[in-house]
**Q** 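Once you've had a glance at the structure underneath, I'll fire off some questions.
No hydrogens, no waters, no symmetry mates; every other heavy atom, side chains included, goes into these values. Just so you know, these numbers come straight off a predicted model, no measurement behind them.
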Amino acid sequence: QVELVESGGGSVQTGGSLRLSCAASGYIALNYCMAWFRQAPGKERERVARIYRGNGSTSYMSSVKGRFTISQDNAKNTLYLQMDRLKPEDTAMYYCAAGPPGTGSSCSTSAGMYNYWGQGTQVTVSS
């Protein structure tokens with residue numbers, strides 16, 4: 001049984017930084033995708049960034065490129081999201097997720113393809 005527990009959310013002003021952590025317990029296959037999703041009130045859940053556990057390759061949604069960095073520490077079984085130059089539009093509940101890869105070891109942008117989820121951590125950015 002896999003359990004994901006996020007931490008590190010909070011309230012910051014525009015331009016500030018936060019570092020989210022996701023501690024995983026249980027076995028997660030090395031070929032799994034790990035991702036951070038976010039969901040703002042009244043909006044769909046969207047994938048912010050993902051990392052492929054096997055080779056560490058990463059991908060980001062366009063609005064966070066150059067500001068957010070996803071990383072992993074496999075020894076600690078922990079996923080991170082470093083968020084810099086935060087904007088009010090980054091305000092959302094942030095979720096850690098894990099799921100199997102698709103065709104060609106691709107990592108899906110669809111929340112439905114991830115089968116393990118954390119409880120979420122709130123990020124609020126004020127102007």
Side-chain angles (χ1 to χ4, degrees):
Q1 182 71 16
V2 173
E3 184 179 15
L4 304 175
V5 179
E6 302 98 334
S7 61
S11 297
V12 296
Q13 292 189 328
T14 298
S17 297
L18 285 172
R19 189 193 195 203
L20 305 184
S21 298
C22 172
S25 61
Y27 176 73
I28 300 178
L30 200 58
N31 71 336
Y32 258 45
C33 302
M34 300 291 295
W36 288 98
F37 283 77
R38 69 185 183 189
Q39 188 167 20
K43 294 189 176 181
E44 291 189 357
R45 192 169 295 193
E46 57 185 2
R47 196 190 75 179
V48 176
R50 66 87 176 153
I51 189 166
Y52 182 64
R53 294 194 77 217
N55 61 12
S57 66
T58 59
S59 180
Y60 300 88
M61 64 185 301
S62 57
S63 63
V64 308
K65 278 182 183 177
R67 300 189 298 121
F68 290 11
T69 304
I70 189 172
S71 62
Q72 61 183 356
D73 185 334
N74 287 340
K76 294 182 179 179
N77 234 13
T78 302
L79 181 73
Y80 302 99
L81 185 68
Q82 177 67 41
M83 305 186 295
D84 299 316
R85 291 183 281 138
L86 282 160
K87 303 176 181 180
E89 51 264 44
D90 295 318
T91 295
M93 185 71 79
Y94 282 70
Y95 299 90
C96 170
T103 305
S105 297
S106 63
C107 295
S108 176
T109 57
S110 172
M113 296 301 292
Y114 292 78
N115 49 359
Y116 299 113
W117 290 87
Q119 81 289 351
T121 185
Q122 178 67 38
V123 172
T124 303
V125 185
S126 58
S127 57

**Q** Does a sphere of radius 6.0 Å around CD in E89 hold more than 12 heavy atoms from other residues, nucleotides or ligands, not counting ones at 6.0 Å or beyond?
**A** yes
**Q** Are L4 and L79 close enough that some pair of their side-chain heavy atoms sits under 4.5 Å apart?
**A** no
**Q** Can you find a pair of side-chain heavy atoms, one from L86 and one from Q13, that are under 4.5 Å apart?
**A** no
**Q** Could you tell me which residues satisfy salt bridge (Lys or Arg N to Asp or Glu O under 4.0 Å) with E46, sequence neighbours excluded, listed by chain and number?
**A** R38
**Q** Please report the shortest heavy-atom distance between I70 and I51, naming the atom on each side.
**A** CD1-N, 3.8 Å
**Q** Other than W117, what residues sit in its cluster of Ile, Leu, Val, Met, Phe, Trp and Tyr side chains whose heavy atoms are under 4.5 Å apart, directly or through others?
**A** F37, M93, Y95, M113, Y114
**Q** Check whether any side-chain heavy atom of P100 sits under 4.5 Å from a side-chain heavy atom of N115, and report yes or no.
**A** yes
**Q** How about R47 and S59: do any of their side-chain heavy atoms sit closer than 4.5 Å?
**A** yes
**Q** Please determine whether residues V64 and V125 belong to a single hydrophobic cluster, defined as Ile, Leu, Val, Met, Phe, Trp and Tyr linked transitively by side-chain heavy-atom distances below 4.5 Å.
**A** yes
**Q** Output the distance between atom CZ (R50) and atom OH (Y60), rounded to the nearest 0.5 Å.
**A** 9.5 Å
**Q** Do N31 and Y52 touch side chain to side chain, with heavy atoms closer than 4.5 Å?
**A** yes
**Q** Below 4.5 Å, heavy atoms only, C-beta onward: do M61 and F68 meet side chain to side chain?
**A** no
**Q** If you look at every heavy atom in A40 and A92, which pair is closest and at what distance?
**A** N-CB, 3.9 Å
**Q** Report yes if the side chains of V12 and M83 come closer than 4.5 Å at any heavy-atom pair, otherwise no.
**A** no
**Q** Please check this pair: side chain of E6 against backbone of C96, looking for a donor-acceptor N/O pair closer than 3.5 Å.
**A** yes
**Q** Can you confirm whether R53 sits close enough to M34 that some side-chain heavy atom of one is under 4.5 Å from a side-chain heavy atom of the other?
**A** yes
**Q** Show which side-chain atoms of residues 14-24 pair as donor or acceptor with protein atoms under 3.5 Å away, not counting sequence neighbours.
**A**
residue: T14; atom: OG1; partner: S126; partner atom: O; Å: 3.0
residue: S17; atom: OG; partner: D84; partner atom: OD1; Å: 2.8

